[in-house]
Amino acid sequence: MKHVFTLLIAAFPLLAPAQQRKVLIIGIDGCRGDAILAANAPRLQQLAASGFSTFEGNTHPPVWSGTGWSTMLTGVWEQKHNVTDNTFSDPQYATWPHFFARIHSVQPTMDLRSFVHWAPINEEICTSATQELELPSDTALADSAVAALQATDAPDVLFLDFDDVDHAGHTYGFSPDIPGYLDAIATVDHLIAPILDAVAARPADEEWMVMVVTDHGGNTWGHGDNSFEQQRIFILASGPGIAVENRAATRDTFPIATTMDFGATTYARVDNNALFNFGTAQDFTIECNVRMPLDWDGDPAFLCNKDWDSGYNPGYVLSTTGGGYTWKFNIGDGTHRVDLDGRPINDGQWHHLAVTCDRDGEARIFQDGLLMGTADMSAIGDISTAMPTCFGQDGTTAYPYAMTGNLCDVRIWSKALDINTISAWSGKPLTSAHPDAAFLIGHWPMQDGTGGLLANTVPGSPAAHVHDGTVPTSATWSANSDPLITTDLTLTPVQADVVPTVLAYLCIPNDPLWQLDGHALIPACIPTGMGEQPGDGPPTFFPNPTRDQLHLQLRGRHDVQVIAPDGRLVLHHATGDGPVDVGALTPGTYVLRITDAEGAVSFARFVKEL
Ligand SMILES: [Zn+2]
C-alpha cells in the first residue's frame, strides 16, 4: 500500500506554496480580438499564442463600458450589478462588489492596484484597492505600470485600463479592416511591451499570469447596440502552468427534417384558450425556429395572438420588421406597449428566436442563443385577447402581410426562463432534463410532415389534441436539409469568467456565497512544478484516488478547503473533525488548500473516483 500511495502523490505533484502567484490584467477598452490578430501587435499576438485564448467570447448587451467593466470586475452580469449604461445611476456594488473586495475578504494582506485611464472604473466600481491611480493618457498609464512592476514590492494583482483603442473606434469605426483602428491597437501593443518586460524581469519566486481583456467589441457604427460584433469579446490568459488552448464559442447544430411552407393563404391557428392568455401577471416564454427569405413585404407575424394593426393592442407578437429585415417582439395592453428588436434574419438560414416575459420585471429577447435586448415591462397590464394564437398570421387571421417562410418547434412556457436556460436549450430537442420541463404548456414541433394538423406534444395536455394547431387551407410540406445553428453561452467563454479565472490562478476559492456568474477558464491552482515545499514536508493524505473519504495526516489544527476544477469552493473542513468526507463530490481532480495554525498555506491534489 505504501508504495502505491507514494506513486500517486508523485503523479499529483504538490503545488508550490513558496511561489507567489500574481496577476496582471491588461484591459483595453473597445478592442476587437479579430483586430488584434490583424494589427501590428506582436506582443499581444504572442500572449495569445502562449496560453489560453478565445476570440469568440461574449458579453451581454447593452454593450457600454460601464456595463462591460462592471460585469468583468464584479464577476456577475448586469441583472445583478444593475449597470446598463455609463451613468452608474443605481449600481448594486454593495451586494456585488469589485473582485478586489472578494480577495480582500479572504486575503487582507494582498496588494491590489487599479490603474486606469477611464476614471469611472476607479470612481464607481473599484473598492478595497491598495492603490488607485487615474491617469490622463495611455502613455502615462503604461509608465505607472512599469514603475510599479520595477519596484521591490510589486502588487499581487494589478489591473490596467487602456482607453485609446475605444477612442479610435469611435473616430474610425471598430473593424479589423480599418487602418486607424488597427494603428491604435499597434500603439497599445507598443505601450505594453515594457510592462510585459518588467513582469518577465520579476524575481523567479513570483509566478505571473497575464490576462488581456476588453469591455466590449464594436462595429463600423460604434457600440451600444446589440450586434454580434459588439457583443463578441476576446480573453487571453498566459502564465506558468497555463496550457496553450484556443477556445471557440460553443455552437450547437440541429437538423430539421421537414418544414411547413407558410404563404399568402397558409397559416396555422391554435384556438383561443385560457392556457395561452397571460392576463395581468402570468410570466411566460415563447420560442420558435424561423427561416425567412432575403426579403419580404411589410411586417408579417411569426407568432401572434393580437391585432397587429397597432402595437398598443392587447396581446403579443413575434414579427418581422418592415425596414431592415430584422425581427421584433411587441407586447401591449391597450394603453402601453413594449418593443424589442432583434438582428437581421433575411438570410435564408434557420434562426432560433425566444422571448421571456417576467411581468413585474424585464422582457428579454434572444436570437440563436444570445441575449439581444431587455426592457422593463412592469407597466404592461392585461394582455389577454379573445383571438387564436396564430403561426404566420396575426390574431385576426387577416393581417395584410402574410409570412412567406418557414416556422417550426414553437414552444410556450408558463414561466420566464432564465438566460442560461434559453441559451443552453436554444433549438435543442426537449427532454425531461430541461430544468423547466414542468412549465411547458404548448409545444408544436411541426415535424408532422403531412396534412393540416400540427400536433401539440406536451405530455398530459388538459384534453388531448385540444391545443393542436390547424391549417385552415391545405398545408405544403417540404424536406429540409438546412440545420439550425445556435450558441450555447453557458459553455462559451464570457466576460463574467474573468474574476473566477483570476481567483483560480491565485488559488483563492470561489466562495459559492459570492454567487459569481462565470466559471474559471483555467484549472484551479494549476501546478507549475516550480518551487519546493518548505518546513515539515508535504501534507500527507490517503487514499488517493478516493471514493468517499480523505484521511489527512496533519499535526495540530488545520483548516482544509476542497476546490473544484472550476475554482469553486466545494468543501470546508477543520481537522480534528475526522476525515474529509468527499463522497458527494462529482468525480474529478480536486485541490486541497490546507492552512495551518500559523496561516501557512499548502496545496495538494486528489482524485475523486466514481
Ligand atoms: Zn466607446
Side-chain angles (χ1 to χ4, degrees), residues 25-39 41 44 55 57-74 77-78 81-89 91 98 114-126 134-142 159-189 191-192 211-236 343 370-374 494-496 498:
I25 305 172
I26 300 171
I28 308 174
D29 197 303
C31 185
R32 276 179 62 156
D34 54 359
I36 288 176
L37 297 176
L44 289 167
F55 294 93
N58 242 89
T59 181
H60 281 177
V63 279
W64 297 108
S65 287
T67 314
W69 292 124
S70 293
T71 297
M72 183 193 303
L73 295 170
T74 62
W77 291 112
E78 71 282 1
H81 63 65
N82 199 39
V83 176
T84 54
D85 55 29
N86 291 345
T87 65
F88 299 92
S89 58
H98 189 286
S114 178
F115 295 179
V116 303
H117 183 183
W118 196 56
I121 293 174
N122 280 355
E123 293 166 350
E124 304 285 348
I125 310 172
C126 188
E134 293 85 54
L135 287 311
S137 68
D138 278 4
T139 305
L141 172 72
F159 172 80
L160 305 176
D161 153 64
F162 289 91
D163 207 32
D164 287 349
V165 170
D166 185 67
H167 300 169
H170 287 291
T171 302
Y172 306 110
F174 298 74
S175 165
D177 302 323
I178 294 177
Y181 184 63
L182 297 185
D183 287 348
I185 294 174
T187 299
V188 167
D189 192 81
L191 289 174
I192 69 168
M211 296 190 77
V212 188
V213 293
T214 190
D215 55 338
H216 57 72
N219 56 17
T220 51
W221 176 81
H223 64 89
D225 199 344
N226 60 357
S227 76
F228 298 111
E229 294 85 359
Q230 294 177 37
Q231 290 198 32
R232 195 173 300 134
I233 58 168
F234 71 92
I235 301 173
L236 313 180
R343 300 302 303 170
L370 298 182
L371 181 66
M372 287 288 120
T374 62
V494 291
Q495 199 157 39
V498 171

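All values below were derived from every heavy atom in this structure, side-chain atoms included, with hydrogens, water molecules and symmetry-related copies excluded. Both ligands and their constituent atoms are indexed starting at 1 by order of listing.
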Below 4.5 Å, heavy atoms only, C-beta onward: do Phe159 and Val116 meet side chain to side chain?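 The answer is yes; the side chains approach within 4.5 Å.
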Tell me yes or no: between the side chains of Asp29 and Ser65, is some donor less than 3.5 Å from an acceptor?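 Yes, a side-chain donor-acceptor pair sits under 3.5 Å.
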In terms of side-chain heavy atoms, does Trp69 have a donor or acceptor partner in Asp215 at a distance below 3.5 Å?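 The answer is yes; a qualifying pair exists.
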Listed by chain and number, what are the side-chain contact (heavy atoms from CB on, under 4.5 Å) partners of Thr220, not counting sequence neighbours?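 So Thr220 forms a side-chain contact (heavy atoms from CB on, under 4.5 Å) with Ser175, Ile178.
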What's the verdict on side chain to side chain contact (heavy atoms under 4.5 Å, CB included) for His167 and Asp138, showing C-alpha distance, side-chain angles and the deciding distance? CA-CA 11 Å; His167 300 169; Asp138 278 4; over 6 Å; no
For the Zn ion (ligand 1), what is the number of protein N, O or S atoms at a distance under 2.8 Å?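 Under the 2.8 Å cut-off, the count stands at 4.
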Take the angle between the ring planes of His223 and Trp64 and call it parallel below 30°, perpendicular above 60°, tilted in between.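 Geometry flag for Trp64 against His223: perpendicular rings.
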